[in-house]
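First the structure, in the form of structure tokens, and then the observations on it.
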Amino acid sequence: MSTPEDQFKNVISHAKEYGFIFQSSEIYDGLSAVYDYGQNGAELKKNIRDYWWRSMVQMNENIVGIDASIFMHPTTWKASGHVDAFNDPLIDNKDSKKRYRADVLIEDHMAKIEDKIKKEVEKAAKRFEGFDEAMFRSTNARVLEYQAKKDEIESRFKKALEDNDLGEVKKIIEDLEIVCPVSGSRNWTDVRQFNLMFSTSMGAVTDDSNIIYLRPETAQGIFVNYLNVQKTGRMKIPFGIAQTGKAFRNEIVARQFIFRMREFEQMEMQFFVRPGTESEWYEKWKTTRIAWHKALGLGEKKYRFHDHIKLAHYAKAAADIEFEFPFGFKELEGIHSRGDFDLKQHEQFSGKKLQYFDPELNQSYVPYVVETSVGLDRLFLAILSTSFKEETIENGETRTVLSLPPQLAPIKVAIFPLMGKDGMPEKAMEIFNTLRFDHNVTYEEKDNIGKRYRRQDAIGTPYCITVDQQSLVDNTVTIRDRDTMLQERVAISAIPAMIDEKVNMKHLLKMLAEVPSKETV
RNA sequence: GCAGAAGUAGCUCAAUUGGUAGAGCUCCAGCCUUCCAAGCUGGAGGUUGCGGGUUCGAGACCCGUCUUCUGCUCCA
């Protein structure tokens, strides 16, 4: 019996062996946590992206797509909070080997002092009748002492952060005698800064003033363009802007194959709504998105929601759609109710109004935003690892098959002549040349037929068509199903419709589509 | 970044105490066969991740380094 870890290793080697994913720059020993998509991987990835794009943009009258640049004005990242929040000062305890955020350690320490004050207040409240808390806090000697200590730490810490003085941050931790919660020791490394954004410089001359960042998320490209799109597209609230594209994060530890990469692709949609309706839309998008995932048929039980209790600074409500990867349930997509945080920030930093005039209310406001954001590479990994199967077939041999959703398969149909003679190749090529206009198809005549079937199984081709002697007589062929391995003899003329039924993405989209009415469009 | 494990042909793995780098599968050419990885003949494929060191001699031992996996940590 193979463990999930073994299974995952097999997925990784399969991905390489069959041209789905290669390590980047492999001949130079590779680059950590950067991967390339090979000939089959690129097709699969493109199909997943198409499924997303079409379900968002094509199937929703009020959602449009854009393609913003990776480079953005540096102030964008000040407004978004990334410049501050993506710079974590970290410190390691040498005994427990645990890593902490230095600021969190100090804040926890301050919280402990605050707890002590609270206890004093509670004690006093029990003792005295008509207790005046404000009075007590401003006069009690012990409370004042605690408060002064806390204020001192706070101002010292604030200054250290402002001066970017990491030595001082470490000294604060030492002076406060903060111990590691695990080892209980005070044996700390130096505090180090990790900037999670990649930077480069724009223009031929390098100096600090023209440093720009590679975007750490695609969302800001939508926010800064929201008014352009709204005006030129004459969009009425509620409406959405969709985008797929690369984002970059200098992760401290990036691992688990393509699950956490330094360069990755997001597919996200920001939905702009009237303030007060955001909860409704948040719930609606949660429902819509989970249905979209489940339509792929990987298994209902593979998905679950994880509602965030601790929210990021911008969020009013947040939930993840988690998927059961071989290494456990992990985040696949995030759905966030972002309020007007982003647009308000951009208003403030740019000095430009980002308001929408609502004709129904006859007033202007900054819309609220509900975001859906999927990791394309993660979805790719979810689909690949779930589809990968090593099954034992009737004759006792094992068969490796990728039971990909047929609409997403890199190659839809493989066409084989049973033998490379007697006019069979010519007949097969005829079919090949008909189908290639509609689908990604392949032709092969090398090796025996069984071997050719297995090769297609390994890359997830849903259909194999074989031209045999009988085909030359009555224009019928056998068509073999990847999952059941069963063959059916059909007329050549019936093939296009048959294939279309299974591989055309529109059937997937139809499953999801509500019939549009005047109200919903 | 810390700790553990690993890295030999495209893939999976051998190689006794430090003594000629090998097998199966794959791949290529041809033959034969013809519906689920069949067979035969021939061929290609390697600076053993990389760089140093020890040694008469290193795939193996030592040091460094890169990459991957697992745990910790981090994760908008």
Side-chain angles (χ1 to χ4, degrees), chain A residues 3-6 8-10 12-14 16-19 22-35 80-82 84-86 88 90-101 104 182 189-190 192 194 196 216-220 247 249-257 259-260 264 266 268 308 310-315 318 320 327 330-331 334 336 338 341-342 371 373 375 393-395 397-401 416-422 424 445-458 464-470 477-480 482 485-487 489:
Chain A
T3 64
E5 286 78 35
D6 292 339
F8 187 45
K9 276 189 181 168
N10 291 342
I12 294 169
S13 29
H14 191 86
K16 186 192 170 187
E17 191 172 353
Y18 288 92
F22 307 122
Q23 198 183 357
S24 164
S25 328
E26 197 185 11
I27 61 166
Y28 292 108
D29 280 341
L31 195 56
S32 181
V34 185
Y35 292 90
S80 69
H82 284 86
D84 295 330
F86 260 29
D88 296 336
L90 299 176
I91 189 165
D92 291 358
N93 183 275
K94 288 179 188 165
D95 298 315
S96 65
K97 310 289 181 199
K98 298 268 181 195
R99 167 169 295 168
Y100 303 92
R101 279 175 56 174
V104 172
V182 174
T189 63
D190 286 341
R192 286 159 299 183
F194 290 86
L196 265 53
E217 65 173 28
T218 52
Q220 301 305 324
R249 284 183 204 170
N250 204 353
E251 300 282 354
I252 304 161
V253 174
R255 243 188 307 172
Q256 279 164 325
F257 198 37
F259 184 79
R260 180 167 294 122
F264 60 101
Q266 293 185 307
E268 58 169 43
H308 288 210
K310 186 169 166 255
L311 296 173
H313 63 264
Y314 61 75
D320 293 340
F327 41 88
K330 297 277 182 185
E331 178 184 352
H336 302 139
R338 295 177 79 125
F341 176 84
D342 300 278
E371 164 190 88
S373 174
I393 54 177
E394 284 173 17
N395 61 14
E397 286 176 6
T398 56
R399 175 176 87 121
T400 303
V401 56
F416 308 140
L418 186 59
M419 284 173 281
K421 59 180 184 188
D422 300 342
M424 284 181 245
E445 60 176 72
K446 198 180 149 33
D447 289 317
N448 72 54
I449 196 76
K451 205 173 247 186
R452 282 179 273 169
Y453 284 150
R454 296 303 175 79
R455 267 203 290 266
Q456 294 304 321
D457 288 342
C464 293
I465 290 172
T466 302
V467 173
D468 56 15
Q469 292 90 340
Q470 195 181 330
V477 290
T478 61
I479 182 161
R480 169 198 183 259
R482 176 194 67 198
M485 295 170 68
L486 294 175
Q487 289 172 272
R489 181 163 285 277

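Side chains are part of it too, since the values below use all heavy atoms of this structure and drop only hydrogens, waters and symmetry mates. The sequence lines fix the lettering, A, B, ..., with proteins before strands; numbering per chain opens at 1.
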Assign each of E26(A) and Y35(A) to its nearest nucleotide of RNA chain B by heavy atoms, then name whichever residue's nucleotide is nearer the 5' end. E26(A)
OP1 or OP2 of G10(B) less than 4.0 angstrom from a side-chain nitrogen or oxygen of K16(A), does that happen here? no
With R489(A), which of T478(A), D468(A), T466(A) fulfils side chain to side chain donor-acceptor pair (under 3.5 Å)? D468(A)
What's the CZ-P distance between F259(A) and C69(B), to the nearest Å? 13 Å
Base-pairing assignment for A60(B) (Watson-Crick or G-U wobble, both under 3.5 Å): none
Which listed nucleotide (C35(B), C75(B), C36(B)) is nearest to the side chain of R249(A)? C75(B)
Heavy-atom nearest pair, Y35(A) first then Q23(A), reads CD2-CA, 3.8 Å
Any salt bridge between R338(A) and E268(A), counting N to O under 4.0 Å? no
Between atom CZ in R455(A) and atom C1' in C27(B), what is the gap in whole Å? 10 Å
Check this one for me: any side-chain N or O of R260(A) less than 4.0 Å away from OP1 or OP2 of C69(B)? no
Considering all heavy atoms, the nearest P417(A)-E445(A) contact: CG-CB, 3.6 Å
Protein-nucleotide distance (F8(A), atom CZ; C69(B), atom C1'), rounded to Å: 9 Å
Could you give the CG-to-P distance, from N10(A) to U12(B), as a whole number of Å? 9 Å
Which part of the nucleic acid, if any, lies within contact of K330(A), taking any heavy atom under 4.0 Å across all strands shown: a base, the sugar-phosphate backbone alone, or nothing? nothing
Ranking C36(B), U34(B), C35(B) by distance to the side chain of I449(A), first place goes to C35(B)
Rounded distance in Å - CD1 (I27(A)) to C1' (G49(B)): 13 Å
Gap between atoms CE and C1', on M419(A) and C36(B) respectively (whole Å): 16 Å
RNA chain B: F257(A) or Y453(A), which has the more 5' nearest nucleotide? Y453(A)
Closest to the side chain of T400(A), out of C35(B), C75(B), A37(B), is A37(B)
Just call it for A247(A): base, sugar-phosphate, or nothing, with non-hydrogen atoms closer than 4.0 Å on any strand. nothing
Side-chain heavy atoms of E217(A) within contact of E371(A), under 4.5 Å: no
Pairwise side-chain contact, Q469(A) with M424(A), heavy-atom cut-off 4.5 Å (strictly under): yes
Check if the side chain of R480(A) and the base of C36(B) share a donor-acceptor pair of N or O atoms closer than 3.5 Å. yes
The side chain of L418(A) lies closest to which of these nucleotides: U34(B), C27(B), A37(B)? U34(B)
Across all strands shown, which nucleotide pairs with U54(B) by Watson-Crick or G-U wobble geometry, both distances under 3.5 Å? none
What nucleic acid atoms does S373(A) come within less than 4.0 Å of, heavy atoms only: base, sugar-phosphate, or nothing? nothing
Between K451(A) and C35(B), is there a side-chain N or O to OP1/OP2 distance below 4.0 Å? no
Please report the distance separating the P of A38(B) from the corresponding atom of C62(B), rounded so that it comes out in whole Å. 44 Å
For U65(B), which nucleotide in any strand shown is its Watson-Crick or wobble partner with both distances under 3.5 Å? G49(B)
Go ahead and name the base partner of C32(B); Watson-Crick or wobble counts if both distances stay under 3.5 Å, otherwise write none. none
Closest of U68(B), C36(B), C35(B) to the R489(A) side chain is C35(B)
Is there a side-chain contact between S32(A) and the phosphate of U68(B), meaning an N or O under 4.0 Å from OP1 or OP2? yes
Using the C1' atom on both, measure U12(B) against G64(B) and round to a whole Å. 30 Å
Write down the distance separating the C1' atoms in G10(B) and C63(B), rounded off to the nearest Å. 32 Å
Using the P atoms only, state how far C66(B) lies from A29(B), rounded to an integer number of Å. 42 Å
Considering every strand shown, what is the Watson-Crick or G-U wobble mate of G1(B) when both distances are under 3.5 Å? C72(B)
Pick base, sugar-phosphate or nothing for D468(A), based on heavy-atom distances below 4.0 Å to the nucleic acid. base
Without decimals, in angstroms, what is the distance between H14(A) NE2 and U26(B) P? 16 Å
Rounding to a whole Å, what distance do you find between Q23(A):CD and C11(B):P? 12 Å
Distance between C1' atoms of A14(B) and U55(B) (Å, rounded): 25 Å
Q487(A) side chain N/O closer than 4.0 Å to the phosphate oxygens (OP1, OP2) of C36(B)? no
With P as the reference atom in both, quote the distance from C28(B) to G19(B) in angstrom, rounded to an integer. 37 Å
For the side chain of I12(A), starting at C-beta, report the closest nucleotide among C35(B), C69(B), C36(B). C69(B)
Taking the same atom, C1', in C13(B) and in C50(B), what whole-Å distance lies between them? 22 Å
Do Q487(A) and Y453(A) touch side chain to side chain, with heavy atoms closer than 4.5 Å? yes
Nucleotide forming a Watson-Crick or wobble pair with U12(B), both distances under 3.5 Å: A23(B)
Checking K16(A) against E26(A) for the side-chain contact (heavy atoms from CB on, under 4.5 Å) test, could you report, in this order, the C-alpha distance in whole Å, the side-chain angles of both residues, the deciding distance, and whether it holds? CA-CA 11 Å; K16(A) 186 192 170 187; E26(A) 197 185 11; 3.1 Å; yes
Gap in Å between the two P atoms, one belonging to A23(B) and one to G45(B), rounded: 14 Å
